[in-house]
Trainee: 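Once you've had a glance at the structure underneath, I'll fire off some questions.
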Amino acid sequence: MNILGINYFFHDSTACLLVDGKMVAVIEEERLTRNKHTGAFPRQAIQRCLAMANLKPADIDGIAVSIKPTKDWGAKTIYGLRHLTNARPFISHEVIRAYYKQQDLWEWHRDLWPSGGPKVHFVPHHVSHAAGSFLVSPYDSAAILSLDGSGEWATSFLGIGEGTQVTGFHESFFPMSLGSFYEAATQFCGFKPNYDEGKTMGLAPFGDPKVFHKQAAEIVKIDAQGSIQIDLSYFNYQHWGYQRCSQKFFDTFGQPRTGNDFADNHHNVAASFQQVLEERALELCAILRKKTQSRYLVIAGGVALNSVMNGRIVRESGFDDIYVMPAAGDNGTAIGAAYYVYHSVFGHPRSIVHDDPYLGTSYTDEEIGKLIKDCKLSAVKHNDIAAEGARLLAAGNIIGWFQGRMEIGPRALGNRSILANPTLPTMKDKINAEVKHREAYRPFAPSVIVEDKDRHFDNIGESPFMLKVCPVRPESRSLLPAITHVDGSARLQTVSKSINPMYHSLIKKFGELSGTSVLLNTSFNIQGEPIVESPINAIRCFFSTGLDAMALGSYVIKKT
């Protein structure tokens, strides 16, 4: 049975292909179109998934779309009628935009199947987030928490998963949204909302959360059932305008950032809103833990990409462990919708755990070698590319690392990565300035072989998808200055030999040369661009940045 999962209604358009319950391909449209966070219908991603599985449109048995446009339509309409002064943006966003989005789907469907075709199953957005993440988790039973800006109209989902069944206890609805609460702080700090929330998270440790904690904490509350309650007088996002903050927000927290420099109030707002987000998430976890008595927790939705929050949940929520899929945002709803249809509609038992994020495209050495020749580049082919990569890294080089199948999700996990020696004190500033061309304060993540994680990092368990922040052990902070953030933390990736033997070998060989089996790992791209997908993307990035060398498959290209 072949199920095609599709996300395209909001952002991070993605296609996922299941063959007999196995994920054979998952590709984000942005990687192919080079338009970051695109919400365009993922025609190219679908085509590539089918090609990778050697399937034709006639082979597809069902289509799962991670949205149900009719869900909560009554609640939307009532809200729109109550805000007639803002009728135009409401109609534009919720009616006209939704109409054209559906037309995109049906035009594509008619193109591939002019006379009929497989049934299209519309799966509610938060069900795609929540049920989809649970159904590929390692747990037979777990509490489920999904948080984002909004789906059809819901902004949260609290429930429990058991076997192939998911039961929802409670939802909150727009505009009562923790995601929108945090997006407003992101815009206030001078970043793009619903896009740059990771920058706000990285900025937070530079501020003092106590300065604005009382004010921020009063804005958002959680009641006994788990409802999110927002004081909307601080915001404008509920009116669908670009400006998320009201004048009351500015009167309370000061002027927003408009230039390149950060003022103290920007640091302090980031710190306070980050801390309040963590506290409210922990309150929701406590409600779930009491109601479900579960040992484990599955977190999904765009807010689940807040790895600092996830780290606190691991340490403080009382759950034994948590699972966050590598594409926890809207991109992962293509996976979630597909598995919901496979299990809940077609009734198949669970058979996989989503522990392998390397589900995208790949290129052979023959293809890479031909491209190098066509581009008239000088390259050396190595029999042991991991050993050569480790040697380059130990010598202080910053390298592009392009190997195997592309990873799914926003984090580079060792197949489309920029790598460096984390023990060099100047390395963080060097990469931010010369390679990534981004803000100097932003931290970099460490990758460590799973056998050595407890040597340098504290109280985190395994973190294969780089979605948990943990403390760097005090004795390792001076040893690993390039990946230790200002508050002594790091967004850790643990690497196992069974999942990624090449990357594991590289880190291990680097450790043998340097004495430290940890690498600085950041995504192979520059600011504003998607992670590289193809060798030609990698070559362009290599020659437009301060990278010293690049490993493309078995080939190494260097700069003079």
Trainee: Measure across P357 and I499 and return the closest heavy-atom pair with its distance rounded to 0.1 Å.
Mentor: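 Looking at all heavy atoms of both residues, the shortest contact is CD-CG2, 4.3 Å.
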Trainee: So, does E183 use its side chain to make a donor-acceptor pair with the main chain of P193 at under 3.5 Å?
Mentor: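 Pair absent, no side-chain N/O of E183 close to backbone of P193.
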Trainee: Is N194 close to F10 at the side-chain level, that is, under 4.5 Å between some pair of heavy atoms?
Mentor: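 Not in contact.
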Trainee: Are V469 and N310 close enough that some pair of their side-chain heavy atoms sits under 4.5 Å apart?
Mentor: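 No - every pair of side-chain heavy atoms lies 4.5 Å or more apart.
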Trainee: Just by distance, do the side chain of K509 and the backbone of G389 share a donor-acceptor pair under 3.5 Å?
Mentor: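 Judged by distance alone, no pair lies under 3.5 Å.
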Trainee: Quick one: CD on E367 to CG on L552, what's the gap to the nearest 0.5 Å?
Mentor: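 It is 12.0 Å, given to the nearest 0.5 Å.
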Trainee: Does a donor on one side chain and an acceptor on the other come within less than 3.5 Å for K436 and S523?
Mentor: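 Yes, S523 and K436 have a side-chain donor paired with an acceptor closer than 3.5 Å.
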Trainee: For the CG atom of L547 and the CD1 atom of I526, what is their distance to the nearest 0.5 Å?
Mentor: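 Answer for the CG-CD1 pair, L547 versus I526, is 10.5 Å.
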Trainee: Students often mix this up, so state it plainly: with edges at 30° and 60°, are the rings of H109 and W113 parallel, tilted or perpendicular?
Mentor: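 It falls in the tilted class, 30° to 60°.
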Trainee: Ignoring hydrogens and angles, state whether a donor on the side chain of N306 or Q274 is under 3.5 Å from an acceptor on the partner side chain.
Mentor: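 On atom types as modelled, these side chains qualify, holding a pair under 3.5 Å.
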Trainee: Would you sort out whether Y339 and H354 count as a ring pair (Phe, Tyr, Trp, His ring centres under 6.0 Å), showing the intermediate values?
Mentor: CA-CA 11 Å; Y339 273 106; H354 184 13; 8.2 Å; no
Trainee: Please lay out, stage by stage, how D321 and K468 fare under the test salt bridge (charged side-chain N to carboxylate O under 4.0 Å, His left out).
Mentor: CA-CA 11 Å; D321 202 359; K468 301 174 186 175; 3.2 Å; yes
Trainee: Contact between H504 and E451 at the side-chain level, heavy atoms closer than 4.5 Å - yes or no?
Mentor: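 Yes - at least one pair of side-chain heavy atoms lies under 4.5 Å apart.
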Trainee: Per the ring-ring contact (aromatic ring centres under 6.0 Å, His included) rule, what does the pair list look like for residues 11-68, sequence neighbours excluded?
Mentor: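 Listed once each, the pairs are Y8-F41, H37-Y195, F41-W108.
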Trainee: Would you name the heavy atoms of L147 and S156 that are closest together and state the gap between them?
Mentor: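 Of all heavy-atom pairs spanning L147 and S156, the closest is CD2-CB, 3.6 Å.
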Trainee: Flag the pair E533 and R48 as a salt bridge only when some basic side-chain nitrogen lies within less than 4.0 angstrom of an acidic carboxylate oxygen.
Mentor: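 Salt bridge flag = yes for R48 with E533.
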Trainee: Please determine whether side chain to side chain contact (heavy atoms under 4.5 Å, CB included) holds for the pair R31 and R416, giving the CA-CA distance in whole Å, both sets of side-chain angles, and the decisive distance to 0.1 Å.
Mentor: CA-CA 11 Å; R31 305 292 174 86; R416 303 288 186 274; 5.7 Å; no
Trainee: Provide the full list of ring-ring contact (aromatic ring centres under 6.0 Å, His included) pairs with a residue in residues 358-396, sequence neighbours left out, each pair given once.
Mentor: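 Sorted pair list comes back empty.
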Trainee: So S13 and R43, side chain to side chain contact (heavy atoms under 4.5 Å, CB included) or not? Walk me through it.
Mentor: CA-CA 10 Å; S13 298; R43 285 177 176 262; over 6 Å; no
Trainee: Would you confirm whether S463, through its side chain, and L492, through its main-chain N or O, come within 3.5 Å as a donor-acceptor pair?
Mentor: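 Answer holds: yes.
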Trainee: For the side chain of S417 and the backbone of L419, is there at least one donor-acceptor N/O pair under 3.5 Å apart?
Mentor: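 Such a contact is absent between S417 side chain and L419 backbone.
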Trainee: Say you draw a straight line from CE of M550 to SG of C541; how long is it, rounded to the nearest 0.5 Å?
Mentor: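 Here the rounded value is 8.5 Å.
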Trainee: Decide side chain to side chain contact (heavy atoms under 4.5 Å, CB included) for L105 and F122; before the verdict, give the C-alpha distance in whole Å, the side-chain angles of both, and the deciding distance to 0.1 Å.
Mentor: CA-CA 11 Å; L105 170 67; F122 292 97; 3.7 Å; yes
Trainee: Any chance you could measure I144, atom CD1, to Y296, atom OH, to the nearest 0.5 Å?
Mentor: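 Going from CD1 on I144 over to OH on Y296, the span is 15.5 Å.
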Trainee: List, one per line, each side-chain donor-acceptor pair under 3.5 Å for residues 391-399, sequence neighbours excluded.
Mentor:
residue, atom, partner, partner atom, Å
R391, NE, E388, OE1, 3.2
R391, NH2, E388, OE2, 2.7
N397, ND2, L392, O, 2.9

Trainee: Determine the minimum heavy-atom distance between T333 and H125, stating which atoms define it.
Mentor: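 Closest pair (atom of T333, atom of H125, distance): CG2-CE1, 4.1 Å.
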Trainee: Whether the D12 and N7 side chains hold a donor-acceptor pair (N or O, under 3.5 Å, no angle test) is what I'd like checked.
Mentor: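 Their side chains do not contain a donor-acceptor pair, so the 3.5 Å distance test is not met.
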Trainee: Could you list the residues that satisfy side chain to side chain contact (heavy atoms under 4.5 Å, CB included) with Q47, not counting sequence neighbours?
Mentor: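 None.
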Trainee: Quick one: ring pair (Phe, Tyr, Trp, His ring centres under 6.0 Å) partners of H437, sequence neighbours excluded?
Mentor: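 H437 satisfies ring pair (Phe, Tyr, Trp, His ring centres under 6.0 Å) with no other residue.
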Trainee: Which heavy atom in F524 sits nearest to a heavy atom in A412, and how many Å separate them?
Mentor: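 Heavy atoms only, the tightest pair is N-CB, 4.4 Å.
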Trainee: Going through the checks in order, is the side chain to side chain contact (heavy atoms under 4.5 Å, CB included) test met by Y555 and L371?
Mentor: CA-CA 11 Å; Y555 292 90; L371 179 64; over 6 Å; no
Trainee: When rounded to the nearest 0.5 angstrom, what distance separates OG in S128 from CD1 in I6?
Mentor: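 It comes to 11.5 Å.
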Trainee: Would you call N521 and Y503 a side-chain contact if the rule is heavy atoms closer than 4.5 Å?
Mentor: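 Counting from C-beta outward, N521 and Y503 do come under 4.5 Å.
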Trainee: So which atom in Q493 and which in S447 form the shortest heavy-atom distance, rounded to 0.1 Å?
Mentor: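 Scanning both residues, the minimum pair turns out to be OE1-OG, 2.6 Å.
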Trainee: Is a side-chain donor-acceptor pair under 3.5 Å present for E30 with T38?
Mentor: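 Side chains of T38 and E30: no pair found under 3.5 Å.
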Trainee: A side-chain contact here means heavy atoms from C-beta on lying under 4.5 Å apart; do V472 and F457 qualify?
Mentor: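 They are in contact (side-chain heavy atoms under 4.5 Å apart), so the answer is yes.
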Trainee: Is a donor from one side chain sitting under 3.5 angstrom from an acceptor on the other, for T186 and T200?
Mentor: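 Yes, T200 and T186 have a side-chain donor paired with an acceptor closer than 3.5 Å.
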Trainee: Between D59 (side chain) and K56 (backbone), is there a donor-acceptor pair under 3.5 Å?
Mentor: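 Answer holds: yes.
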Trainee: State, with a plain yes or no, whether a side-chain heavy atom of L277 is found less than 4.5 Å away from one of L178.
Mentor: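 They are in contact (side-chain heavy atoms under 4.5 Å apart), so the answer is yes.
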Trainee: Is there side-chain contact between L17 and I60, with at least one heavy-atom pair below 4.5 Å?
Mentor: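 In contact.
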Trainee: Look up atom OG1 in T522 and atom CZ in R438, then write down how far apart they are to the nearest 0.5 Å.
Mentor: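 Rounded to the nearest 0.5 Å, the OG1-CZ separation comes to 5.0 Å.
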Trainee: Once salt bridge (charged side-chain N to carboxylate O under 4.0 Å, His left out) is applied, do any residues pair with K199, and if so which ones, sequence neighbours excluded?
Mentor: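 Testing K199 for salt bridge (charged side-chain N to carboxylate O under 4.0 Å, His left out), a comparison that skips the adjacent residues, returns D196, E439.
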Trainee: Is there a side-chain contact between I385 and M502 (heavy atoms, below 4.5 Å)?
Mentor: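 The answer is yes, as the side chains (C-beta and beyond) meet within the 4.5 Å cut-off.
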Trainee: Of the non-hydrogen atoms in I557 and S378, which two are nearest, and what is the gap between them?
Mentor: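 Taking every non-hydrogen atom into account, CG2-O, 3.8 Å.
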Trainee: Is the ring pair Y323/F465 parallel, tilted or perpendicular, if the boundaries are 30 and 60 degrees?
Mentor: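 If you compare the ring of Y323 with that of F465, the planes turn out perpendicular.
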Trainee: Does D148 form a side-chain hydrogen bond (donor to acceptor under 3.5 Å, both in side chains) with H126? I'd like the steps, not just the answer.
Mentor: CA-CA 9 Å; D148 65 7; H126 272 279; 2.9 Å; yes
Trainee: Is a side-chain N or O of T516 found less than 3.5 angstrom from the main chain of V518, in a donor-acceptor match?
Mentor: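 Such a contact is absent between T516 side chain and V518 backbone.
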